[in-house]
Amino acid sequence: MRTIVVVMSILAVPAVAAAEPVGWRKYAVPETGANVELPMTIFSKDAGQPESGYGRRFLTADGRANLTVQSVPNDAGDSPAVFLARMNPPSNIVYQRVTPRFFVVSSFREDKIWYNRCNFAGRFMNCVLINYPAAEKRQWDSVVTRISNTLASL
């Protein structure tokens with residue numbers, strides 16, 4: 001009987017940890033006003049500036065996932081479809097949605113899922129780029145959805 005209690009206690013630990021509240025906070029790109037709600041208890045490490053444009057990169061404490069909030073210049077005023085085509089995305093995209101106001105693309109790279117959403121905002125494309133373990137897809141789905149749905153411009 002004691003073995004069963006120990007096993008049950010161990011199995012309950014992930015459920016308790018997953019029940020901890022996620023501290024959501026709005027992050028705004030100072031130069032462009034692009035903003036998004038981020039789970040700061042998940043992406044707790046500042047990873048500096050993005051490779052291009054304006055914004056910020058964030059990492060999980062253990063480095064297994066990363067997120068970039070980025071405003072990329074769109075001086076030509078390209079539509080989301082044209083902007084995406086110019087990025088020359090890989091041919092193995094699993095999910096793609098393109099509208100006149102935004103695009104979303106997602107796929108797998110090694111053991112990660114990458115997810116990119118960019119909203120058209122005139123002179124800028126405001127984007128969130130997220131990379132997270134593919135083995136944890138179900139745990140990340142609601143987090144990625146909320147981040148994506150809250151991306152906005154001033």
Side-chain angles (χ1 to χ4, degrees), residues 14-15 17-154:
E20 290 180 24
V22 176
W24 291 89
R25 189 181 83 204
K26 185 175 280 191
Y27 170 78
V29 177
E31 296 86 351
T32 65
N35 60 86
V36 64
E37 289 182 19
L38 299 180
M40 299 312 290
T41 51
I42 296 173
F43 291 104
S44 57
K45 294 179 86 175
D46 185 326
Q49 298 291 320
E51 292 178 18
S52 63
Y54 304 105
R56 207 89 197 140
R57 297 179 64 236
F58 301 91
L59 298 171
T60 56
D62 61 6
R64 77 183 188 285
N66 63 70
L67 177 144
T68 301
V69 180
Q70 183 176 32
S71 292
V72 180
N74 183 19
D75 295 330
D78 291 337
S79 69
V82 171
F83 191 89
L84 176 60
R86 287 182 195 250
M87 290 176 60
N88 195 24
S91 60
N92 66 339
I93 290 174
V94 172
Y95 176 79
Q96 177 173 318
R97 180 170 179 212
V98 180
T99 77
R101 308 226 5 104
F102 70 90
F103 70 80
V104 175
V105 287
S106 183
S107 194
F108 297 90
R109 182 180 305 121
E110 297 172 9
D111 63 341
K112 302 262 193 227
I113 293 175
W114 58 268
Y115 176 94
N116 297 358
R117 176 180 176 137
C118 293
N119 292 355
F120 178 76
R123 292 185 32 239
F124 291 95
M125 291 296 281
N126 296 322
C127 306
V128 290
L129 311 127
I130 309 168
N131 297 282
Y132 57 96
E136 300 173 14
K137 181 186 182 314
R138 288 184 190 258
Q139 294 91 331
W140 282 93
D141 280 347
S142 64
V143 171
V144 172
T145 298
R146 180 164 174 180
I147 292 168
S148 179
N149 289 340
T150 62
L151 179 62
S153 305
L154 281 181

List the atom of [X], the atom of [Y], and the distance in Å for their closest heavy-atom pair.
X	Y	result
Gly53	Pro73	CA-CD, 4.2 Å
Ile93	Ser106	CG2-O, 3.6 Å
Phe103	Pro80	CD2-O, 3.5 Å
Pro100	Phe120	O-CB, 4.3 Å

(request) Could you pull out all residues at least two apart from Phe43 that satisfy ring-ring contact (aromatic ring centres under 6.0 Å, His included)? (result) Trp140

(message) Holding to ring-ring contact (aromatic ring centres under 6.0 Å, His included), I want the full list of residues that pass it with Tyr27, two or more places apart in sequence or in another chain.
(response) Phe58

(request) Can you tell me which residue pairs pass the disulfide (SG to SG under 2.5 Å) test with a partner in residues 89-131, sequence neighbours excluded? (result) Cys118-Cys127

(message) Show me the pairs that pass disulfide (SG to SG under 2.5 Å) and involve residues 57-113, at least two apart or across chains.
(response) none

(request) With sequence neighbours left out, write down each residue that passes side-chain hydrogen bond (donor to acceptor under 3.5 Å, both in side chains) with Tyr132, or none if nothing qualifies. (result) none

(message) According to side-chain hydrogen bond (donor to acceptor under 3.5 Å, both in side chains), who are the partners of Asn35, at least two apart in sequence or on a separate chain?
(response) none

With a 3.5 Å cut-off and sequence neighbours excluded, list the donor-acceptor pairs that the side chains of residues 63-71 form with protein atoms.
unit_1 : atom_1 : unit_2 : atom_2 : d
Arg64  : NE     : Glu136 : OE1    : 3.0
Arg64  : NE     : Glu136 : OE2    : 3.2
Arg64  : NH1    : Asp62  : OD1    : 3.1
Arg64  : NH1    : Asp62  : OD2    : 2.8
Asn66  : OD1    : Asn131 : ND2    : 2.9
Gln70  : NE2    : Ser52  : O      : 2.6
Gln70  : NE2    : Ser52  : OG     : 3.3
Ser71  : OG     : Thr32  : OG1    : 2.7
Ser71  : OG     : Asn126 : OD1    : 2.6

[X] versus [Y]: any side-chain heavy-atom pair under 4.5 Å?
X	Y	answer
Val105	Tyr115	no
Ser107	Trp114	yes
Val98	Leu84	yes
Val143	Thr145	no

Suppose the criterion is salt bridge (charged side-chain N to carboxylate O under 4.0 Å, His left out): which pairs have a residue in [range], not counting sequence neighbours?
range	result
residues 125-135	none
residues 35-58	Glu37-Arg146, Asp46-Arg56
residues 88-106	none
residues 105-127	none

(request) Determine which pairs satisfy side-chain hydrogen bond (donor to acceptor under 3.5 Å, both in side chains) with at least one residue from residues 81-96, sequence neighbours left out, and list them in order. (result) Asp78-Arg86

(request) Look only at the side chain of Thr150 and the backbone of Ile147, and say whether a donor-acceptor pair between them is shorter than 3.5 Å. (result) yes

(message) Evaluate Val29 against Phe124 for side chain to side chain contact (heavy atoms under 4.5 Å, CB included), listing each step before the verdict.
(response) CA-CA 12 Å; Val29 177; Phe124 291 95; over 6 Å; no

